[in-house]
Asker: 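Mind having a look at this structure? Questions to follow.
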Amino acid sequence: MKLAFPRLHVDASAVAGLIEWYCNRLGMSVIKEIKSEKELIHWVGYQNASQSAVVEFRSSLKQSTPPKYYKPHPSSDVYWKIGLSLADVDTARSKLVRQDVEVTSSRQFRDIGYMCHLSDPFGFSLQLLQHDFKSNFSSE
């Protein structure tokens with residue numbers, strides 16, 4: 001099985017808003033922009049985290065006519081999730097909720113980790129996973 005970073009193929013009319021959401025809500029930045037004859041590719045991630053993965057947004061340079069309207073409807077035939085590992089899930093969750101992002105309650109899931117979930121504007125799942133279990137964590 002080949003592992004790769006997440007790729008979202010997006011209509012040109014929707015890509016700017018989706019990238020803006022990842023930047024404004026999750027604190028990511030556009031790391032790289034690549035333009036070919038047919039498409040524009042944006043790598044979005046955390047600027048100062050060299051070991052961090054990026055999300056790749058691909059859009060056709062030829063906008064569809066009329067522009068497509070996107071509703072949240074991720075494919076049911078795949079399991080797709082972006083996982084973000086961070087030091088304090090509760091603080092991150094609070095910041096997102098203050099920005100009117102719907103986020104599940106934080107909870108300890110078995111011996112896997114302390115986490116919560118949210119969705120991007122297309123309905124794809126994002127998981128915030130704390131570095132430590134809830135029982136081992138103390139806020140600084």
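None of the values given here were measured: they were computed from a predicted structure. Quick note: residue numbers are just sequence positions, from 1.
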Asker: So, for H42 and V15, which heavy atoms are closest and what is the spacing to 0.1 Å?
Answerer: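 Closest approach of H42 to V15: ND1-CG2, 4.4 Å.
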
Asker: Which value, rounded to the nearest 0.5 Å, describes the distance between R25 atom CZ and L96 atom CG?
Answerer: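 Here the interatomic distance stands at 8.5 Å.
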
Asker: For Q99, does the CD atom sit with more than 12 other heavy atoms under 6.0 Å from it, leaving out its own atoms?
Answerer: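 Yes, the 6.0 Å shell around CD holds more than 12 heavy atoms from other groups.
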
Asker: Where do L126 and D120 come nearest, in terms of heavy atoms and distance?
Answerer: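 Minimum heavy-atom contact is CD1-N, 3.5 Å.
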
Asker: So, taking the atom named CD in Q130 and the one named CD in Q108, what distance separates them when rounded to the nearest 0.5 Å?
Answerer: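 It is 8.5 Å, given to the nearest 0.5 Å.
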
Asker: When rounded to the nearest 0.5 angstrom, what is the spacing between CG in L128 and NE2 in H117?
Answerer: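 It comes to 8.5 Å.
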
Asker: Using the rule side chain to side chain contact (heavy atoms under 4.5 Å, CB included), only one of L26, V89, L129 pairs with L84; which is it?
Answerer: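 So the option named by the test is L26.
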
Asker: To check you understand the geometry: which heavy-atom pair defines the closest contact between V30 and Q47, and what is its length?
Answerer: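 Smallest heavy-atom distance, with atoms named: O-OE1, 4.0 Å.
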
Asker: Donor-acceptor check, side chain of S29 to backbone of I31, threshold 3.5 angstrom: yes or no?
Answerer: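 No: the side chain of S29 does not pair with the backbone of I31.
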
Asker: Between S106 and D90, is there a donor-acceptor pair closer than 3.5 Å when you use the side chain of the first and the backbone of the second?
Answerer: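 Between the backbone of D90 and the side chain of S106 there is no qualifying donor-acceptor contact (under 3.5 Å).
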
Asker: Work out which heavy atom in V54 is nearest to a heavy atom in G45; give both atom names and the distance.
Answerer: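 Nearest heavy atoms, V54 then G45: CG1-CA, 4.3 Å.
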
Asker: Tell me which one of F124, Y22, W21 satisfies ring pair (Phe, Tyr, Trp, His ring centres under 6.0 Å) with F57.
Answerer: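 Among the candidates, only Y22 passes.
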
Asker: Compare every heavy atom of M115 with every heavy atom of F109, then report the nearest pair and how far apart it is.
Answerer: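 The answer is CB-CE, 3.8 Å.
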
Asker: Identify the heavy atoms of V103 and L118 that sit nearest to each other, and give their distance.
Answerer: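 Minimum heavy-atom separation between V103 and L118: CG2-CB, 4.2 Å.
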
Asker: Say you draw a straight line from OG1 of T91 to CZ of R93; how long is it, rounded to the nearest 0.5 Å?
Answerer: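 Interatomic distance, T91 OG1 to R93 CZ, rounded to 0.5 Å: 11.5 Å.
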
Asker: So, taking the atom named CZ in R107 and the one named OH in Y114, what distance separates them when rounded to the nearest 0.5 Å?
Answerer: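 Between atom CZ of R107 and atom OH of Y114 there are 11.0 Å.
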
